[in-house]
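Have a look at the structure below, then the notes.
Note on naming: letters A, B, ... go to the chains in the order of the sequence lines (proteins, then strands), and numbering restarts at 1 for each one.
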Amino acid sequence: MSKNLTKRAEDYSKWYNELVVKADLAENSAVRGCMVIKPYGYAIWEKMQAELDKMFKATGHQNAYFPLFVPKSLFEAEEKNAEGFAKECAVVTHYRLQNDPDNEGKLRVDPDAKLEEELVVRPTSEAIIWNTYKGWIQSYRDLPILINQWANVVRWEMRTRLFLRTAEFLWQEGHTAHATEAEAIAETEQMNTVYADFAENFMAIPVIKGVKTESERFAGAIDTHCIEALMQDGKALQAGTSHFLGQNFAKAFDVKFTNKEGKQDHVWATSWGVSTRLMGALIMTHSDDQGLVLPPNLAPNQVVIVPIYRSDEQFEAIKEVVSKVKSDLEAKNITVKFDDRDTFRPGAKFAQHELQGVPLRIAIGPKDLENGTVELARRDTLTKEVVSIEGIEDRISDLLKTIQEDLFNKAQTFRDNHITEVEDFETFKTILETKTGFVSAHWDGTAETENKIKELTKATIRCIPYDSKIEEGNCIYTGNTSKQRVLFAKAY
RNA sequence: CGGGGUGUAGCGUAGCCCGGUUAUCGCGCCACGUUUGGGACGUGGAGGCCGCAGGUUCGAAUCCUGCCACCCCGACCA
């Protein structure tokens with residue numbers, strides 16, 4: 001175990017990198033840009049998965065699995081999608097190795113084992129899935145198709161960071177097919193709302209729902225909806241996207257159906273996804289200089305119990321009390337870990353559980369045995385109090401709910417304080433440099449202006465918020481007329 | 001992929017410019033003992049092909065070349 005995490009104020013990105021490793025969430029692997037997700041980090045991801053999976057199923061979706069490899073000819077079928085991802089694709093060209101005759105004990109690629117057609121390792125699965133859907137859809141009666149898959153994808157990123165951008169990452173991707181445009185649009189919006197609910201109510205991360213501008217849109221989409229979160233360092237993070245794909249993929253893969261009127265039509269499509277990047281969002285929304293802070297909903301252990309004792313007799317007595325507390329808590333569906341390791345002293349355990357973000361810590365020692373109390377410590381506020389052991393399970397149950405809410409409120413206050421409306425470009429630049437966060441400003445709607453602003457300030461349009469009110473204004477950069485404000489920020 | 005930087009024990013490091021006995025120190029690790037209400041202490045011990053591969057040299061952690069990985073800045077991106 002390690003001491004002394006770099007302080008956020010000192011070097012935010014160093015703090016992040018250290019935290020991920022020291023809290024035992026993930027580490028770099030022998031493969032460039034690819035991470036090993038360690039058990040503790042994976043347990044958090046599994047919590048996210050379980051909740052999302054429940055939400056997907058509650059909205060009528062089913063899970064399925066499609067191949068990792070996409071034949072190049074399928075991959076290139078939807079031109080914009082192919083073009084958008086082409087530069088970051090891993091490609092399989094051979095299917096066999098052999099002993100290298102010139103290099104004892106080494107292997108080489110068998111030159112005779114060249115694939116007739118290269119296989120692209122999926123950077124996203126629209127191509128292989130729409131090629132499959134083609135065989136499933138003939139009639140409006142076959143629609144809608146509402147499928148999700150949990151998978152890994154590969155995007156050959158040049159610059160990677162644990163969880164935030166890795167060459168291989170885990171995600172879920174929903175791919176749906178609909179008979180009408182309206183239904184597909186409704187699905188796109190529904191799933192973006194599901195993501196927002198998940199982020200806010202489960203992860204305690206406030207997000208802004210909105211629509212991407214053309215230049216930030218998913219390759220091959222008509223519209224990209226998104227949820228945008230704000231990290232503690234004032235940079236925005238795209239936490240999830242939901243795409244309305246129109247008939248682009250149906251046309252590219254010739255997926256037609258006969259409608260009720262007996263006429264042929266192309267199918268309407270959506271796709272939507274969130275990834276292990278959410279782990280990064282989680283860390284950069286709630287954690288502090290002591291380490292990870294987990295909202296109770298995401299904590300593998302919501303409560304940890306640390307015994308404090310001198311003698312074996314004391315330890316036995318504590319164990320007895322703990323076993324009752326533990327079962328009372330578990331009866332309320334609270335996950336509890338009794339840290340009875342005799343190889344670490346209490347102080348070391350406190351520090352470790354703080355680093356790993358356990359929401360509540362109970363310490364119980366001889367004094368408590370005498371008084372019928374425990375010491376109860378909150379990770380989020382780093383406060384502690386001595387409380388009666390009587391009714392502790394109700395107290396903790398309530399406290400976990402409070403912590404979940406407090407974390408959300410704290411993050412929301414921070415986020416709301418970092419949305420600044422500006423009217424002129426000088427202020428715009430100043431805010432981005434000093435206050436940081438989201439800047440709400442008028443924009444003339446052109447990609448040229450958007451690009452120019454990005455060039456000058458490194459800020460991009462994160463989204464056009466759903467709730468952006470319609471008001472007359474002038475573009476921050478060109479002064480041309482504008483009908484509503486958009487949100488700019490520097491982003492991850 | 002372009003510019004810059006860094007790789008020495010599990011982690012953090014000294015030594016490198018100016019090549020020369022046994023590669024420095026701290027943390028961690030192992031054993032024993034004492035300890036245990038916020039990261040314990042003592043004594044003893046183990047652990048290194050100095051990122052990898054070549055080269056120069058009597059001799060390379062140190063000089064040269066290539067490669068790999070990571071970090072920072074850019075472009076790209078969930």
For A/S275, which contact category applies under a 4.0 Å heavy-atom criterion: base, sugar-phosphate, or nothing?
base

Under 4.0 Å, counting only non-hydrogen atoms across every strand here, what does A/E157 touch: a base, just sugar-phosphate, or nothing?
base

Please give, in whole Å, the distance from B/A78 C1' to A/R217 CZ?
17 Å

Separation of B/C11 atom C1' from A/D24 atom CG, nearest Å, is 14 Å

Who is the Watson-Crick or G-U wobble partner of B/C11, with both distances under 3.5 Å?
B/G26

Electrostatic pair A/E228:A/R462 at N-O distance under 4.0 angstrom
yes

Determine whether the side chains of A/D223 and A/H243 contain a donor N or O and an acceptor N or O closer than 3.5 Å.
no

Are A/R8 and A/D289 close enough for a salt bridge, meaning some N to O gap below 4.0 Å?
yes

Give me the distance, rounded to whole Å, that separates B/A40 from B/U35 when you measure between the C1' atoms they each carry.
7 Å

Is there a side-chain polar atom (N or O) of A/K22 under 4.0 Å from OP1 or OP2 of B/G12?
no

Give me the distance, rounded to whole Å, that separates B/U21 from B/A60 when you measure between the C1' atoms they each carry.
15 Å

When all nucleic acid strands are considered with a 4.0 Å heavy-atom cut-off, which category describes A/G33: base, sugar-phosphate, or nothing?
sugar-phosphate

Under-4.0 Å salt bridge between A/R378 and A/D380:
yes

Rounded to the nearest angstrom, tell me the gap between atom NE2 in A/H353 and atom P in B/G39.
16 Å

Between A/E370 and A/K367, is there a side-chain N and carboxylate O pair less than 4.0 Å apart?
no

If pairing requires Watson-Crick or G-U wobble contacts with both distances under 3.5 Å, which nucleotide is the partner of B/U65?
B/A53

Any ion pair linking A/D312 and A/K319 (charged N to carboxylate O, less than 4.0 Å)?
no

5' precedence on RNA chain B between A/G84 and A/K14 (nearest-nucleotide basis)
A/K14

Side-chain donor-acceptor contact under 3.5 Å, A/Q149 with A/S125:
yes

Are any of A/R161's side-chain N or O atoms less than 4.0 Å away from OP1 or OP2 of B/C71?
no

Rounded C1' spacing from B/A14 to B/U6 in Å
16 Å

Would you classify A/R155 as touching base, sugar-phosphate or nothing, given that sugar-phosphate means primed atoms plus P, OP1 and OP2, and contacts are heavy atoms under 4.0 Å?
base

Of A/Y492 and A/S13, the one whose closest nucleotide on RNA chain B sits nearer the 5' end is A/S13

Per atom distances to the A/N17 side chain, the nearest of B/C70, B/C72, B/C76 is B/C72

Could you check how far CG of A/L164 sits from P of B/C71, rounded to whole Å?
11 Å

Taking atom P in both B/A9 and B/C50, compute the distance separating them and give it to the nearest angstrom.
9 Å

Do the charged groups of A/E354 and A/R361 touch, with an N to O distance under 4.0 Å?
yes

Any chance you could list the contact pattern along nucleotides 33-38 of chain B? Use B for base contacts, S for sugar-phosphate-only contacts and - for none, protein heavy atoms under 4.0 Å, 5' to 3'.
--BBBB

Length of the NZ-C1' vector between A/K458 and B/G74, whole Å
8 Å

Watson-Crick or G-U counterpart of B/G20, or none if no pair lies under 3.5 Å:
B/C58

Which nucleotide, if any, forms a Watson-Crick or G-U wobble pair with B/A75, using both distances under 3.5 Å?
none

Please report the distance, rounded to the nearest Å, between CG in A/D233 and P in B/C72.
12 Å

Which one is paired to B/A40, where only Watson-Crick or G-U wobble pairs with both distances under 3.5 angstrom count?
B/U34

Determine the interatomic distance between P on B/A23 and the same-named atom on B/U65; round to the nearest Å.
28 Å

Distance test, side-chain N/O of A/K87 to OP1/OP2 of B/C1, below 4.0 Å:
no

Which part of the nucleic acid, if any, lies within contact of A/L237, taking any heavy atom under 4.0 Å across all strands shown: a base, the sugar-phosphate backbone alone, or nothing?
nothing

Rounding to an integer number of angstrom, what distance separates B/G48 and B/G12 when you compare their C1' atoms?
16 Å

Tell me whether the centres of the aromatic rings in A/Y195 and A/F198 are closer together than 6.0 Å.
no

To the nearest Å, how far apart are A/F218 CZ and B/A78 P?
8 Å

Should the pair A/E189-A/K209 be classified as a salt bridge under the 4.0 Å nitrogen-to-oxygen rule?
no

Quick one: label A/F169 by what it contacts on the DNA or RNA (base, sugar-phosphate, nothing), any heavy atom closer than 4.0 Å.
base

Rounded to the nearest Å, what distance is computed from the NZ atom of residue A/K349 to the C1' atom of nucleotide B/A40?
14 Å

Span that lies between the C1' atom of B/G20 and that of B/G15, in whole angstrom
14 Å

What's the gap between B/G54 and B/C70 when it is taken at their P atoms, as a whole Å value?
23 Å

